[in-house]
Amino acid sequence: MNDIIQQVEQLRQEAEASLAQAKNTEAIRTWHSDYLGRKGRLTALLRVLGSLSNEERPRVGKVINEAKIALEQAVQERQEALARAEMEAARSAERVDVTLPGRPQTLGKLHPTSMTLREIYAIFTAMGFQIYDSPEVETDEYNFQLLNMPPGHPARDMWDTFYTTTPELILRTHTSPGPIHAMREYAPEPIRVILPGKVYRYEQVTARSESMFYQVEGLAVGKHITFCDLKGVLTNFANQMYGEGRETRFRKSYFPFTEPSVEMDIDCVLCNRKGCPVCKYTGWLEILGAGMVHPTVLQYGGYDPSEFSGFAFGMGPDRIALQKYGIDDIRYFFTNDARLFERV
Ligand code: DAH
């Protein structure tokens with residue numbers, strides 16, 4: 001009997017040692033069938049019970065049972081420990097490294113025309129000009145007649161117009177009707193405003209012209225305003241917009257709503273007046289039209305031309321942006337292709 005009890009003890013120790021070596025679920029399963037399975041070694045010892053005397057049987061049975069219970073508990077603990085270790089290993093292998101730098105997002109930019117408009121606003125507001133909003137849908141009266149172009153006036157040919165099915169209602173071809181609205185709102189007070197916005201022309205769309213583009217109009221009305229004021233304001237503007245020291249020149253021109261009328265050029269930023277394709281070999285780039293407000297137009301605006309005078313100007317910020325950023329095709333501005341921003 002003592003012999004069997006000793007065998008059980010030995011087997012138990014051996015089983016415990018072997019369990020400690022089991023490194024994975026598979027090894028544990030093998031261990032289980034080796035010791036506790038139907039053909040296992042501990043189970044085999046149970047079979048010996050039959051050959052024992054009635055006294056010995058319960059004592060030996062108890063020892064074997066205790067060993068069985070102990071080993072079953074041990075294997076369960078071992079299994080849990082292994083499962084925990086496996087989970088720990090998986091967790092650290094799959095860990096998210098929160099200190100990794102993120103992937104940079106590509107950021108958008110302001111449209112080149114918007115950037116140019118903001119520069120124009122900054123320069124003119126510093127000279128005391130306010131920004132005045134006026135409509136994009138106009139009447140023939142505002143777009144032409146009040147600008148000294150009655151029906152049939154040949155100068156209307158300078159503006160290819162979008163007419164609507166409503167008689168008299170058109171898309172404005174320039175921002176010049178804006179000053180009429182401003183004058184009629186403020187007369188007889190003095191005025192200093194710029195009027196930015198979109199304008200529309202029935203044009204063949206090419207690298208140089210779109211059917212919709214921007215203009216910024218300017219208007220100053222008051223007593224004793226002279227052509228010197230016009231030159232001073234616009235020269236200051238050109239110096240700030242294009243850099244101090246750029247040459248400027250005023251050329252005589254014609255607009256029905258100003259008298260005298262001029263166009264202002266700066267020396268070509270690309271060739272320094274040597275002549276190149278951008279300035280069409282003239283050495284100069286036209287940047288705006290301007291003039292002293294025609295007495296008739298002042299009168300339409302509600303000002304007495306014998307007391308008041310004023311100057312006006314109009315420029316194309318898209319054109320300025322094209323020159324500034326060296327972009328050769330105005331169509332890029334409205335085709336919604338973000339590669340444009342790589343160039344500005
Ligand atoms: N409206 C003119 C155009 O679209 C530009 C212009 C010229 C505006 C002279 C003015 C001006 O205010 O005085 O071509």
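In this chain, numbering begins with 1 at the start of the sequence shown. Atoms within each ligand, like the ligands themselves, are counted from 1 in listed order.
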Ligand 1 atoms in contact with Gln215 (distance to a heavy atom under 4.0 Å) | 3 (C), 4 (O)
Which heavy atom of the protein is the closest neighbour of atom 14 (O) of ligand 1, given with residue, atom name and distance?
-> Trp159 NE1, 3.7 Å
Which bit of Phe311 is near ligand 1, meaning a heavy atom under 4.0 Å away: side chain, backbone, both or neither?
-> neither
Could a heavy atom of His294 be found less than 4.0 Å from some atom of ligand 1?
-> no
Does the side chain of Ser176 pick up a donor-acceptor pair with the side chain of Glu217 at under 3.5 Å?
-> yes
Can you say whether the rings of Phe237 and Phe124 are parallel (under 30°), tilted (30 to 60°) or perpendicular (over 60°)?
-> parallel
Describe, in one word, how the ring planes of Phe129 and Phe313 are oriented to each other, choosing from parallel (under 30°), tilted (30 to 60°) and perpendicular (over 60°).
-> perpendicular
Under 3.5 Å, N or O to N or O, is Ala312 touching ligand 1 that way?
-> yes
For ligand 1, which atoms sit closer than 4.0 Å to a heavy atom of His174?
-> 1 (N), 4 (O)
Do the two ring centres, one from Tyr200 and one from Phe162, sit under 6.0 Å apart?
-> no
Count the heavy atoms belonging to other residues, nucleotides or ligands that lie under 6.0 Å from CG of Asp304, then report whether that count exceeds 12.
-> yes
To which protein heavy atom is atom 12 (O) of ligand 1 closest, and what is the distance rounded to 0.1 Å?
-> Glu217 OE2, 2.5 Å
When you measure from atom 9 (C) of ligand 1 to each heavy atom in Gly316, Gly291, Gly289, which option holds the nearest one?
-> Gly289
Would you mind telling me if ligand 1 is within reach of the side chain of Ser176, the backbone, both or neither, using heavy atoms under 4.0 Å?
-> side chain
A student checking ligand 1 against Phe255 at a 4.0 Å heavy-atom cut-off should list atoms 7 (C), 9 (C)
Taking everything shown except Tyr202 itself, do over 12 heavy atoms lie less than 6.0 Å from its OH?
-> no
Contact check: Thr258 vs ligand 1, nitrogen or oxygen atoms, below 3.5 angstrom | no
Heavy-atom contacts under 4.0 Å between Met158 and ligand 1: side chain, backbone, both, or neither?
-> neither
Logged contact type for Glu263 with ligand 1, heavy-atom cut-off 4.0 Å, is neither
Among non-hydrogen protein atoms, atom 5 (C) of ligand 1 lies closest to Gly314 CA, 4.2 Å
Side chains of Tyr142 and Arg184, donor plus acceptor under 3.5 Å | yes
Would you say the side-chain atoms of Thr116 and Thr113 include a donor-acceptor pair closer than 3.5 Å?
-> no
So, is the end of the Lys198 side chain (NZ or CZ) under 6.0 Å from the ring centre of Phe213 and within 45° of the ring's axis?
-> no
